[in-house]
Amino acid sequence: MEVKSALIVLVGPTASGKSELALALAQQLGGEIVSADSMQVYRGMDIGTNKPSPEERRRAPHHGLDLVEPQIEFTVAMYRRYALGALSAIRARGRIPILVGGTGLYIRAVVDGLCPAPPADPACRQALAREAALIGADALHARLRQADPVTAARVHPHDARRVIRALEVYRVSGRPLSAWHQQTEGLAGAWEIRQVGLLPPREALDARINARVRGMVAAGLVEEARALHAAGVSRTAAQALGYKELFAAFEGRWGMDEAIARIQRETRRYARRQLTWFRRDARIAWLTPVEAPRDLVPQVRSLLDC
RNA sequence: GGGCAGGUUCCAGAGCGGCCAAAUGGGGCGGCCUGUAAAGCCGUUGGCUCACGCCUACAGAGGUUCGAAUCCUCUCCUGCCCA
């Protein structure tokens, strides 16, 4: 029986201190960090995504950052392909990969896999959107019930995005999405996966988020956003918290103070969604963050037995 | 000092005699999530029982009425206009 290589996974909501903890861990274990963050993949989006600084990146190798220009529509599948490559390269070097991030779907795509269903088909999607507008969301969902009852049962009729994707997969491939799902393969067979999560109390987390946003503004977030706004970014990149609200301010939808208040609020909400995503995963061992995340390293090591 | 428009549940804002614990939106809280995921979607949001029901609520105090957030009177606030 061969010995599997270890993969450390570190998750948690924004501002929980996971990047800092990951860095300390990487330094002590001789690890390399693989970021699982849907927005840090974009070049030039640095302040608003709280990307590790050049100095921090020198302290340990980082992967998954600055993968594409902000004009690109990045997707989970692109991320997964990249991350799997990075993981094997790190293993080949004899080092320990530490997968760190707050994008639950990205983590899942790596750890538990992503089904091999066909990618998005813009034309098909557009056609489906038109149909939805014509016959209504409930009728579209009824069609999904015909094509793929399993998926229809778990997707709410109003969740247009998922109803359309499921129908899209069926039309393009002739197979229901739920059938594709069965071909999903995770990493558990090849890696010894150890997951740790940072679970801060809400009140403390909210306070940290508010302070962090103020810090970003002080660090030049508005200027960074203005440049991106002028250059134009993809729809996906334009969804990034911080940028989204500032873009609207540049377009006159509201003032700067309002934009900043919204960034704080939306980030708090985002953190809440992250918590509900990760919290139910029984494989994650939870830790309560402390002021200096590196102080948690011994705890993590004993928890992970490494 | 006079005139007009207003004061509604956390906020904004409908309601203008019973169908109102009160539309709708926002916010809060909870949840979902496989190719847009920092996105999208769902539920819930006075209290007690959490089943029927009961209690407390629509600035305050009176009044009209079988019945008032809704009508009348006075008081207190807010905005605008005229002095």
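Throughout, protein chains are lettered first and strands after them, A, B, ... in sequence-line order, and every chain is numbered starting at 1.
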Fill in the blank from the handout: Tracing side-chain contacts under 4.5 Å among Ile, Leu, Val, Met, Phe, Trp and Tyr outward from V169(A) reaches L177(A), W180(A)

Completion exercise
Taken in chain and number order and not counting sequence neighbours, the residues that satisfy side-chain hydrogen bond (donor to acceptor under 3.5 Å, both in side chains) with K51(A) are D46(A), D66(A)

Exercise for the section: Record whether the side chain of E73(A) comes under 3.5 Å of the base of rU36(B) through a donor-acceptor pair of N or O atoms. Expected result: no

Nucleic acid contacts of [range], taken as heavy-atom distances under 4.0 Å to RNA chain B:
| range | value |
| --- | --- |
| residues 47-56 of chain A | G48(A), T49(A) |
| residues 163-171 of chain A | R165(A) |
| residues 107-115 of chain A | L114(A), C115(A) |

Exercise for the section: Would you please name every residue forming a salt bridge (charged side-chain N to carboxylate O under 4.0 Å, His left out) with R269(A), sequence neighbours left out? Expected result: E266(A)

Practice task
Please list, chain by chain and in numerical order, all residues satisfying salt bridge (charged side-chain N to carboxylate O under 4.0 Å, His left out) with E258(A), sequence neighbours excluded.
Solution key: R262(A)

Under 3.5 Å, which donor-acceptor pairs do the side chains of residues 105-112 of chain A form with other protein atoms, sequence neighbours left out?
from	atom 1	to	atom 2	distance (Å)
D112(A)	OD1	R283(A)	NH1	2.8
D112(A)	OD2	R283(A)	NH2	2.9

Enumerate donor-acceptor pairs with a distance under 3.5 Å from any side-chain N or O in residues 5-17 of chain A to protein atoms, sequence neighbours excluded.
from	atom 1	to	atom 2	distance (Å)
S5(A)	OG	R91(A)	NH1	3.0
T14(A)	OG1	Q274(A)	OE1	3.2
S16(A)	OG	P13(A)	O	2.7

Fill in the blank from the handout: Hits for ring pair (Phe, Tyr, Trp, His ring centres under 6.0 Å) against H63(A), two or more places apart or cross-chain, chain-then-number order -> none

Show me the protein contacts with nucleotides 23-27 of chain B, counting only N or O atoms at under 3.5 Å.
from	atom 1	to	atom 2	distance (Å)
rG27(B)	OP1	R269(A)	NH2	2.5
rG27(B)	OP2	R269(A)	NH2	3.3

Handout entry: ring-ring contact (aromatic ring centres under 6.0 Å, His included) contacts touching residues 191-239 of chain A (sequence neighbours left out)
Key = H229(A)-F247(A), H229(A)-F250(A)

